[in-house]
Protein chains: 2
Amino acid sequence: MPLFMSKYTNKVDGKGRVSVPAQFRASLPSGFQKSIVMYQAVNHEAIECCDLLHIEKVNDSLEGFAPYSDEHDEFSLALMSGLTELCFDGNGRIILPQELMEYAGITNFATFAGKGKTFQIWEPGAFKLELDIARRKVKEKKDLLRFRLNKTERIIKDES
Amino acid sequence: MPLFMSKYTNKVDGKGRVSVPAQFRASLPSGFQKSIVMYQAVNHEAIECCDLLHIEKVNDSLEGFAPYSDEHDEFSLALMSGLTELCFDGNGRIILPQELMEYAGITNFATFAGKGKTFQIWEPGAFKLELDIARRKVKEKKDLLRFRLNKTERIIKDES
DNA sequence: TTAAAACCCATGTTATTCCATTTAAAGGAT
DNA sequence: ATCCTTTAAATGGAATAACATGGGTTTTAA
């Protein structure tokens, strides 16, 4: 599975267009490379992005609730109505929706930050501050992270 | 599988006409793109919409009840009798039925909110309030959502 | 006959597509 | 290493198409 990693800062032009880093476009699963889906990040004033396949998984998970239950209603509305699917133009750019630009405080430049299975788009200054904070927190809590066998390793283990 | 996502607010003209967002029309299954089906949302003062194929699935699931049971009677009557099928005009508009407009309190503008397999139509102000509530509830109950293998993964798993 | 629905066409706006240019990265040869 | 060449990526602007909306005309059904 290809992962989103590294960070890139690109220009946002007058129409709200930005190039999505070519590395990130290449990391999208095959068959889902035409577009990305974005929404307000839950914990920060940033835009969170993923691929459509990921969204389909979330939607499948909603079927765990009874179709007319309160929970199905609340989750489907809160999760799905806040999404925006954006297709790339011929040059790999997207147009950032006004609402999300304002939420993240983005004006002339946007920082793309890989987060593994997802990536985020930040106002560059805000990202620097947040990265600092995150790094300090990781130093404090570094012992909390435990390594697990990943999927590939589990398969190899089964075969041996 | 195409999903209804994102939200759009469109104008309702003097004749009660509204454009159904082109994205939503494109998300209708092929062969079912001429019309949508709508009814009073069970949990809110909003209009719930889906495609005919979805209604056929709901109808099929009624067969889970014994044919002359009280439940079969109650559910089939409540769910099926309140449905309205609306066809698009040449520009992708529908005419909102008076009864449903009143139920949802819609006058001059209507907010279309994606919910995955269905979408809802709200009076814009009411939607803002409800979205707020839904987001808060989801934060409280976020542990209830469990990721499930999606269809693609299940197929791969079956083959292995 | 009359009101409502279906149909048709015109318009302003917004998004998409296309092409040209600039910038940056990668590779090869000196 | 340094410079030069080649390729890919990012950026800018203009042409084009799609969409939402307004209004009018015809058809349908009560």
Side-chain angles (χ1 to χ4, degrees), chain A residues 2 4-28 33-38 47 49 52 83-102 106-114 119 121-124 127, chain B residues 2 4-28 33-38 47 49 52 83-102 106-114 119 121-124 127:
Chain A
F4 301 112
M5 58 176 107
S6 187
K7 64 183 148 61
Y8 308 85
T9 297
N10 287 342
K11 195 163 193 325
V12 180
D13 72 13
K15 301 178 183 175
R17 291 185 300 188
V18 238
S19 291
V20 175
Q23 297 279 10
F24 284 9
R25 278 180 273 138
S27 296
L28 292 166
Q33 304 201 328
K34 302 185 311 298
S35 69
I36 52 174
V37 177
M38 54 178 66
I47 304 170
C49 306
L52 201 50
L83 303 178
T84 310
E85 182 183 5
L86 296 173
C87 294
F88 302 116
D89 70 13
N91 302 318
R93 286 177 293 193
I94 52 171
I95 298 180
L96 291 176
Q98 197 62 39
E99 189 183 342
L100 289 176
M101 280 186 69
E102 283 169 15
I106 294 168
T107 53
N108 293 120
F109 289 91
T111 296
F112 293 75
F119 63 90
I121 309 178
W122 288 75
E123 191 282 316
F127 177 71
Chain B
F4 300 111
M5 61 175 107
S6 189
K7 65 184 148 60
Y8 308 86
T9 296
N10 287 342
K11 197 163 192 327
V12 181
D13 71 13
K15 301 178 182 177
R17 292 183 301 186
V18 237
S19 290
V20 175
Q23 296 278 13
F24 283 9
R25 278 180 274 138
S27 295
L28 293 167
Q33 305 202 329
K34 302 185 312 296
S35 70
I36 52 175
V37 177
M38 55 177 66
I47 305 171
C49 307
L52 261 177
L83 302 181
T84 312
E85 183 183 4
L86 296 175
C87 293
F88 302 116
D89 72 12
N91 300 318
R93 286 177 293 194
I94 52 171
I95 297 180
L96 291 176
Q98 198 60 40
E99 187 186 342
L100 288 175
M101 279 186 71
E102 283 168 13
I106 293 168
T107 54
N108 293 120
F109 289 91
T111 296
F112 293 74
F119 64 90
I121 309 178
W122 287 77
E123 191 282 317
F127 177 71

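Protein chains get the first letters and strands the later ones, always in sequence-line order, with residue 1 at the start of each.
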Check: [X] side chain, [Y] main-chain N or O, donor-acceptor pair, under 3.5 Å:
| X | Y | value |
| --- | --- | --- |
| B:Ser6 | A:Leu83 | yes |
| A:Asn10 | A:Val18 | no |
| A:Asn91 | A:Arg93 | no |

Calculate the interatomic distance between [X] atom [atom1] and [N] atom [atom2]; express it in whole Å.
| X | N | atom1 | atom2 | answer |
| --- | --- | --- | --- | --- |
| A:Asp13 | C:dT17 | CG | P | 16 Å |
| A:Asn10 | D:dT11 | CG | C1' | 10 Å |
| A:Leu96 | C:dA15 | CG | P | 12 Å |
| A:Ile94 | D:dT11 | CD1 | P | 12 Å |
| A:Gln23 | C:dA25 | CD | C1' | 11 Å |
| B:Leu86 | C:dC7 | CG | P | 14 Å |
| A:Phe88 | C:dC18 | CZ | C1' | 18 Å |
| A:Lys34 | C:dT16 | NZ | C1' | 16 Å |

Under 4.0 Å: is that the gap between some side-chain N or O of B:Arg25 and OP1 or OP2 of D:dA18?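 False: B:Arg25 side-chain N/O out of range (4.0 Å or more) of D:dA18 OP1/OP2.
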Quick one: is B:Ser19 getting a side-chain N or O under 4.0 Å of the D:dC19 phosphate, OP1 or OP2?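 No, outside the criterion.
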Considering only nitrogen or oxygen atoms on both sides, find all protein atoms under 3.5 Å from nucleotides 25-27 of chain D and state each distance.
none

Check ring pair (Phe, Tyr, Trp, His ring centres under 6.0 Å) between B:Phe112 and all other residues, then give those that pass, not counting sequence neighbours.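 Expected list: none.
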Restricting both atoms to N or O, compile the protein contacts to nucleotides 8-14 of chain C shorter than 3.5 Å, with distance only.
from  : atom 1 : to      : atom 2 : distance (Å)
C:dC9 : N4     : B:Asn91 : ND2    : 2.8

Residue pair A:Ile36 / A:Phe88, side-chain heavy-atom distance below 4.5 Å: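 A side-chain contact exists here, since the closest heavy-atom pair is under 4.5 Å.
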Mind checking if B:Val12 touches a base, just sugar-phosphate, or nothing, with heavy atoms under 4.0 Å?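 Nothing, no heavy atom under 4.0 Å.
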Compare every heavy atom of B:Cys49 with every heavy atom of B:Ile121, then report the nearest pair and how far apart it is.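 Taking every non-hydrogen atom into account, CD1-SG, 3.7 Å.
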Measure across B:Ala113 and B:Phe127 and return the closest heavy-atom pair with its distance rounded to 0.1 Å.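 For B:Ala113 and B:Phe127, the tightest heavy-atom pair comes out as CB-CE1, 3.5 Å.
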Any idea how B:Phe119 and B:Phe24 line up, ring-wise: parallel (<30°), tilted (30 to 60°), or perpendicular (>60°)?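 Tilted.
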Does a sphere of radius 6.0 Å around CD in B:Gln23 hold more than 12 heavy atoms from other residues, nucleotides or ligands, not counting ones at 6.0 Å or beyond?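 Not buried by this count: 12 neighbours or fewer within 6.0 Å.
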Given D:dA9, C:dA5, D:dG22, identify the nucleotide with an atom nearest to the side chain of B:Ile95.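 It is C:dA5.
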